[in-house]
Amino acid sequence: MPRAVSTPKELGALRQDLLDAAMRILREQGAPHLTLRRVADAAATSTMGIYTCFGGRAGLLEAIYEHGSHLLHEAMTSSLNGHADPLARIMAVAYGYRRFALTDPALYALMFERPLPDFDPSPEQRTDALRRCFGLLVEATTAATQAGLVRSSNPERSAYLVWTTIHGLVSIELTCSLRTPLPGWFLNSPEEGERVLTDGIRALLAGLT
């Protein structure tokens, strides 16, 4: 049955319930199960509610993407923990990024991989997400350059190199973590995964000094 919605407050509550239901399905069943019917049933409403709140499935997926970018930003900023040293801030961002990916792999995949080939966030959404999350690395790399800790004529480009290193190492670890561990392999435990990430970022930063 469709839920009666007559006020902005009720509309906001319905939107949140639908987003919460979609997040549960994503995390428990995976992105391919994010159908309008499943989400509506999980939120105890009708598919019309999704059209009312999000304009359809694409709008719902974009809302999930945006929500994920905020959660990723929170994970990275919470790791900063008052670090003043720019290099320590870069490492803290890396650890926050890794923690987000390992804690919420289905959401991470929706944001950075293509589990749904027909879903492509708009350029505006991707730009906003990059500004929110990638901006933390740009700030730290710029501060490191100004302090003489990193040599770079373009701190944003250096931050991009750091980002791709973090993303590559974390994505490979995530792939390995979802399979049976390989004894003796570099990524046979969470502790080893963090050590490899630390070594990789430190090696890159050393090359920039």
Side-chain angles (χ1 to χ4, degrees), residues 65-66 68-115 120-209:
Y65 178 89
E66 181 179 0
S69 75
H70 283 284
L71 293 180
L72 174 58
H73 180 265
E74 289 176 9
M76 293 192 295
T77 53
S78 66
S79 294
L80 293 175
N81 196 28
H83 286 300
D85 177 70
L87 298 184
R89 292 178 67 82
I90 291 173
M91 292 304 308
V93 167
Y95 294 142
Y97 187 94
R98 174 179 178 269
R99 184 172 65 252
F100 171 81
L102 296 181
T103 301
D104 215 335
L107 180 56
Y108 177 87
L110 183 71
M111 294 171 64
F112 294 108
E113 300 171 7
R114 294 298 296 271
D120 186 21
S122 69
E124 294 77 16
Q125 266 207 315
R126 300 206 314 270
T127 298
D128 183 61
L130 283 171
R131 185 180 299 114
R132 182 179 299 116
C133 300
F134 178 59
L136 293 173
L137 273 179
V138 174
E139 292 172 6
T141 305
T142 299
T145 301
Q146 293 171 346
L149 300 172
V150 167
R151 290 184 304 181
S152 176
S153 60
N154 187 339
E156 185 169 314
R157 186 178 182 86
S158 297
Y160 177 74
L161 293 176
V162 175
W163 179 279
T164 56
T165 301
I166 296 170
H167 180 76
L169 290 170
V170 168
S171 294
I172 291 173
E173 181 185 0
L174 184 59
T175 299
C176 291
S177 71
L178 297 176
R179 290 167 169 77
T180 304
L182 292 176
W185 178 240
F186 297 109
L187 300 173
N188 59 9
S189 71
E191 294 75 20
E192 285 300 318
E194 182 170 316
R195 276 193 283 270
V196 169
L197 178 64
T198 301
D199 291 345
I201 301 304
R202 285 178 176 170
L204 176 61
L205 292 175
L208 295 173
T209 58

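Every heavy atom of this structure was used, including side-chain atoms; hydrogens, water molecules and symmetry mates were not. All residue numbers refer to positions in the sequence shown, counting from 1.
Not a single salt bridge (Lys or Arg N to Asp or Glu O under 4.0 Å) links R151 to another residue, sequence neighbours left out. Every salt bridge (Lys or Arg N to Asp or Glu O under 4.0 Å) that E173 has, sequence neighbours left out, goes to R98. By the side chain to side chain donor-acceptor pair (under 3.5 Å) test, S69 is found to be paired with R132, residues two or more places apart in sequence or in another chain being considered. Partners of A140 by side chain to side chain contact (heavy atoms under 4.5 Å, CB included), not counting sequence neighbours, listed by chain and number: R89, I90. Contacts of Y160 classified as ring-ring contact (aromatic ring centres under 6.0 Å, His included), with partners at least two apart in sequence or in another chain: none. With sequence neighbours left out, the side chain to side chain contact (heavy atoms under 4.5 Å, CB included) criterion links T103 to R99. Legend: residues meeting side chain to side chain donor-acceptor pair (under 3.5 Å) with S152, ordered by chain and number and at least two apart, are S158. Scored by the salt bridge (Lys or Arg N to Asp or Glu O under 4.0 Å) test, R202 finds no partners at all (sequence neighbours excluded). Judged as a ring-ring contact (aromatic ring centres under 6.0 Å, His included), and not counting sequence neighbours, the contacts of Y97 are Y108, F112, W163.
In this structure, S78 contributes its side chain and A75 its backbone to a donor-acceptor pair below 3.5 Å.
Atom CD1 of I172 sits about 12.0 Å away from atom OG of S177, to the nearest 0.5 Å. The structure places CZ of R179 at 9.5 Å from CG of L174, a figure rounded to the nearest 0.5 Å. Atom CZ in F100 sits 4.5 Å away from atom CE in M111 (nearest 0.5 Å).
Contact of the R126 side chain with the D120 side chain is registered, since non-hydrogen atoms from C-beta on lie closer than 4.5 Å. Side chains of L208 and L149 form no contact here, defined as non-hydrogen atoms less than 4.5 Å apart. At a threshold of 4.5 Å between non-hydrogen side-chain atoms, the residues L87 and V150 count as touching. Within the 4.5 Å cutoff, no side-chain heavy atoms of P190 are placed close to those of L102.
The salt bridge (Lys or Arg N to Asp or Glu O under 4.0 Å) analysis of residues 68-84, with sequence neighbours excluded, yields no pairs. Within the structure, side chain to side chain donor-acceptor pair (under 3.5 Å) contacts touching residues 186-198 (residues at least two apart or in different chains) are Y95-T198, S189-E191, E192-R195. Listed by first and then second residue, the side chain to side chain donor-acceptor pair (under 3.5 Å) pairs involving residues 137-147 amount to none (not counting sequence neighbours).
Scanning both residues, L80 and V93, for their nearest heavy atoms gives CD2-CG2, 3.9 Å. Of all the heavy atoms in A109 and P115, the pair that sits closest is O-CD, 3.3 Å. Heavy-atom minimum distance, L187 versus G193: CD2-CA, 3.7 Å.
Environment of CZ in F134: crowded, with over 12 heavy atoms of neighbouring residues, nucleotides or ligands closer than 6.0 Å. Counting heavy atoms of neighbouring residues, nucleotides and ligands inside a 6.0 Å radius, atom CZ of R114 exceeds 12 of them.
Remark: of the listed residues V170, T164, L169, V170 is the sole one forming a side-chain contact (heavy atoms from CB on, under 4.5 Å) with I166.
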